[in-house]
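First the proteins, then the strands, lettered A, B, ... as listed; each starts at 1.
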Amino acid sequence: MAEAEQFAAVIVDAPGLGALDYRVPEGMLLAPGDRVIVPLGTRKVPGIVTGLSPVTEVPAKKLRRVAAVLSDTIPLHAEWLALTRFAALYYQRGWGESAVPALPLFMRRAPGVRHESWLKKARAIGPAGGEPGPRPQLNDEQAEACRQVLASGGYVPWVLFGVTGSGKTEVYLHLIEETLVRDPEAQVLLMVPEINLTPQLEARVRARFPDELVVAMHSDFPDGERARSWLAVHEGRARVLVGTRMSIFASFRKLALVIVDEEHDTSFKAGDGLRFSGRDLAVWRAWKNRCPVILGSATPSIETWAKVRKGDYKLLTLTKRASAEATLPAIRLVNPNRKGARTLLTPDAAAAMEATLKAGRQVLVFLNRRGYAPVLSCPSCGWVSTCRRCSTFTVFHKGAKRLVCHHCGWQTGIPPACPKCGDPDILPKGTGTERIEEELAVRFPDRRVLRIDRDSVSTRHEAEEAFRRVHAGEVDILVGTQMVAKGHDFANVGLVVVLNPDAQMLSPATRAREQLFATLMQVAGRAGRAGAQGEVLIQTRFQDDPLFAALARQDYVAFADAVLEDRRANMAVPYVHQAMLYAEAKSLAEAEFFLTEAVEIGMREAPPEVRIYDPVPMPLMRLMNVERAQLLVEADERPALQAFLARWRQSLRARAGVEWTMEVDPLEA
DNA sequence: AGCACGCCGACT
DNA sequence: GTCGGCGTGCTC
Ligand SMILES: [Zn+2]
Ligand SMILES: [Zn+2]
């Protein structure tokens with residue numbers, strides 16, 4: 001006897017399309033969450049079943065049939081469908097656009113001939129085995145933090161606030177252990193900011209839980225490996241997932257704890273595609289799963305701190321450095337050399353370096369600028385080296401003998417003379433790590449200087465080798481960018497010199513100050529961790545700025561409270577909510593024209609509480625020969641903004657030659 | 001997003 | 001006369 005006809009609602013990765021109805025062929029068994037292959041126009045595309053119904057509104061002649069169901073594993077869980085749907089609504093995209101690309105390619109392709117054997121191999125991975133690694137005794141603060149979290153029930157967002165070296169990781173490991181013990185099916189997500197920190201932490205987690213399957217996920221993984229981890233988590237075999245922001249879209253069978261390490265790190269925010277915040281989605285996911293979420297940081301982001309102050313997030317504080325003999329470094333502020341001086345390095349800094357080196361300790365010189373000089377320029381006519389494709393300078397790299405665009409990678413050779421006036425005396429202007437390295441080699445001829453930045457160590461292996469040399473004492477002076485601030489402890493560094501924080505002090509970006517504070521706290525944490533007190537010498541002409549006073553006391557709370565007060569007074573984020581509309585075109589005029597039209601449409605649709613600003617060129621106006629403009633939209637209340645965006649997005653009409661995207665909660669506004 | 005359809009400029 | 005440029009619109 002023939003069964004009643006059934007229709008499947010299927011989401012696909014195409015903009016502006018909702019769920020599409022398809023006929024379910026007789027004999028095909030479908031459930032919500034099943035991955036399918038469906039015809040779309042002339043193509044066959046992957047899709048996800050979101051519902052099944054005996055009726056449809058779609059006219060019969062339009063209806064087509066589901067081509068195949070990918071039945072190699074259990075359907076996607078309802079919680080995962082809810083997550084991707086929320087992300088789509090919140091970040092203003094189609095459901096299919098958030099859900100389908102979140103699956104590894106392997107999980108959205110019709111199975112090939114080797115599919116079965118791959119699955120068998122993928123499912124064969126098991127725990128590391130061996131003896132569990134050491135379980136250090138928790139100090140009373142760590143123990144109290146764990147006690148509070150474990151005594152709580154259901155959804156509670158916690159901020160684990162602790163300085164570098166206060167033992168946050170040990171708290172994570174303890175909470176993970178307890179979570180896994182309490183429920184044999186429970187799974188944990190541990191998110192970390194950067195790929196190069198993943199293997200380190202992954203190894204530590206694996207060593208601690210040798211009898212459990214611990215898997216990793218990050219964008220450097222080839223798809224096969226990503227799919228293997230994905231499947232292990234989806235099927236509930238993996239108990240712990242360690243990964244970067246993309247891992248927030250993993251499908252969990254029973255998520256029982258979410259941890260976001262270094263939650264203030266900007267890498268949790270996706271810069272292209274669906275511009276989601278991995279940290280914010282982590283909080284949503286914990287809420288949905290009625291489980292705790294831990295946001296760990298020595299310098300929480302200002303939006304997170306606002307939630308602590310409001311009482312939305314609960315605070316756990318670790319004040320003690322785990323190694324008892326470690327003391328806070330002494331912070332000393334000195335005036336920078338006057339503008340136009342030959343070098344960035346002040347006599348004060350040089351003298352302090354001399355003393356530290358004499359005492360047999362290492363020096364870390366911090367400068368957040370790669371290359372020899374940010375630009376090459378002609379003193380006679382004012383010519384400056386610029387990128388052919390972007391509206392920016394090309395950076396002078398002396399060793400490589402190239403001028404390089406740090407935004408698009410375009411390069412060119414060093415011109416022998418000024419291309420404009422022929423003057424042969426073109427000069428590097430400003431200072432990067434390469435130049436400092438050169439200067440220090442001259443100034444300290446019998447000291448060994450090592451530079452660590454993305455140019456000097458491009459592979460993970462090279463980076464490890466460089467850090468090994470520092471640890472082994474084969475280096476006296478270490479010159480580095482951001483790269484040295486994160487994750488690595490240098491036990492014998494007695495002095496940190498911060499050459500030019502004023503570059504960031506002068507930045508107009510809203511978040512520049514708090515990011516600088518976080519960076520300085522991090523580099524300061526590199527000094528004095530092996531008993532003797534370390535020193536941090538900062539060259540700045542903003543010595544009265546409360547930022548440095550707070551830094552000297554390592555007082556994040558005072559700093560963050562002051563920032564919040566300022567933001568409230570100026571009605572800035574996080575007290576207002578923002579979205580940005582970006583337009584890209586061959587010319588700035590076209591991009592701005594699109595946005596001007598968008599403003600007109602918006603003005604008709606916006607309720608009074610939504611404020612629409614004027615279109616302006618993006619800070620980097622031209623990138624890769626594409627010119628860009630942006631438009632800021634703001635509201636005091638989130639729901640008003642979201643409702644407006646949803647409607648506005650539908651009204652924006654495509655224009656030939658103009659690409660547009662929307663970003664909710666932009667980092668830069 | 002793809003992909004087809006369609007309407008105008010320049011080549012065999 | 002058709003080859004291909006991309007502007008426009010549709011996909012259950
Ligand atoms: Zn010149
Ligand atoms: Zn460029």
Side-chain angles (χ1 to χ4, degrees), chain A residues 4-26 28-70 76 81 84-85 87-89 91-110 223 246 249 270-276 581-587 589-591 593-595 597-598 601 624-628 646 649-663:
Chain A
E5 187 157 37
Q6 216 188 12
F7 304 97
V10 176
I11 52 173
V12 295
D13 181 17
L17 286 186
L20 304 176
D21 285 356
Y22 288 87
R23 282 186 215 279
V24 180
E26 206 171 320
M28 183 184 279
L29 237 68
L30 281 185
D34 269 331
R35 292 161 300 122
V36 290
I37 303 290
V38 290
L40 183 69
T42 54
R43 303 175 291 157
K44 285 243 167 82
V45 297
I48 297 163
V49 177
T50 59
L52 292 157
S53 165
V55 291
T56 178
E57 311 269 272
V58 179
K61 65 181 165 75
K62 272 189 130 184
L63 278 170
R64 302 172 74 182
R65 316 164 89 231
V66 175
V69 54
L70 307 179
L76 291 154
L81 291 172
T84 52
R85 189 161 70 117
L89 286 170
Y91 293 109
Q92 303 295 331
R93 301 294 161 97
W95 190 359
E97 291 175 87
S98 74
V100 177
L103 297 173
L105 276 173
F106 194 88
M107 306 309 300
R108 48 179 148 120
R109 263 198 319 239
D223 189 74
M246 66 182 303
F249 283 112
D272 53 1
L274 184 81
R275 299 182 177 219
F276 66 94
L581 183 64
Y582 301 102
E584 298 188 339
K586 276 221 198 69
S587 74
E590 288 172 89
F593 183 75
F594 171 85
L595 293 180
E597 283 196 326
I601 296 164
M624 300 271 260
N625 286 326
V626 176
E627 308 214 318
R628 302 129 32 105
R649 171 164 72 102
Q650 304 299 325
S651 318
L652 292 175
R653 308 242 290 115
R655 281 189 67 86
V658 181
E659 301 269 302
W660 64 270
T661 46
M662 204 176 264
E663 175 166 15

Discussion item. Going by the rule ring-ring contact (aromatic ring centres under 6.0 Å, His included), which residues pair with A:Phe7 if we only count those two or more places apart in sequence or in a different chain?
Written reply: none
Response to the item:
So the side-chain hydrogen bond (donor to acceptor under 3.5 Å, both in side chains) pairs with at least one residue in residues 44-59 of chain A (sequence neighbours excluded) are A:Asp21-A:Thr56
Practice prompt. Using salt bridge (charged side-chain N to carboxylate O under 4.0 Å, His left out) as the criterion, list what pairs up with A:Glu627, not counting sequence neighbours.
Written response: A:Arg622
Item to complete: Using heavy atoms and a sub-4.0 Å distance, could you list which residues of residues 51-70 of chain A are near DNA chain C? By number, please.
Response: A:Val58, A:Lys62, A:Leu63, A:Arg64
Worksheet item: Which residue pairs pass the salt bridge (Lys or Arg N to Asp or Glu O under 4.0 Å) test with at least one member in residues 30-42 of chain A, sequence neighbours excluded?
Response: A:Arg35-A:Asp72
Show me the donor-acceptor pairs, under 3.5 Å and distance only, between side chains in residues 98-108 of chain A and residues at least two apart or in other chains.
residue, atom, partner, partner atom, Å
A:Ser98, OG, A:Thr84, O, 2.7
A:Ser98, OG, A:Trp95, O, 3.0
A:Arg108, NE, A:Val100, O, 3.2
A:Arg108, NE, A:Leu103, O, 2.9
A:Arg108, NH2, A:Leu103, O, 3.0

Discussion item. Applying side-chain contact (heavy atoms from CB on, under 4.5 Å), can you list everything that pairs with A:Lys62, at least two apart in sequence or on another chain?
Written reply: A:Val58, A:Pro59
Discussion item. Restricting to salt bridge (charged side-chain N to carboxylate O under 4.0 Å, His left out), what partner residues turn up for A:Arg23, sequence neighbours left out?
Written reply: A:Glu5
Item to complete: Could you list the residues that satisfy ring-ring contact (aromatic ring centres under 6.0 Å, His included) with A:Phe249, not counting sequence neighbours?
Response: A:Phe276
Fill in: Test side-chain contact (heavy atoms from CB on, under 4.5 Å) applied to A:Glu584 - qualifying residues, sequence neighbours left out
A:Val626, A:Arg628, A:Glu659
Discussion item. Heavy atoms within less than 4.0 Å of DNA chain C: which residues of residues 14-24 of chain A have one? Give them sorted by number.
Written reply: A:Leu17, A:Leu20, A:Asp21, A:Tyr22
Using the 3.5 Å cut-off, write out each protein N or O paired with an N or O of nucleotides 2-6 of chain B and the distance between them.
residue, atom, partner, partner atom, Å
B:dG2, OP1, A:Arg43, NH1, 3.4
B:dG2, O4', A:Arg43, NH1, 3.4
B:dC3, O3', A:Thr42, OG1, 3.2

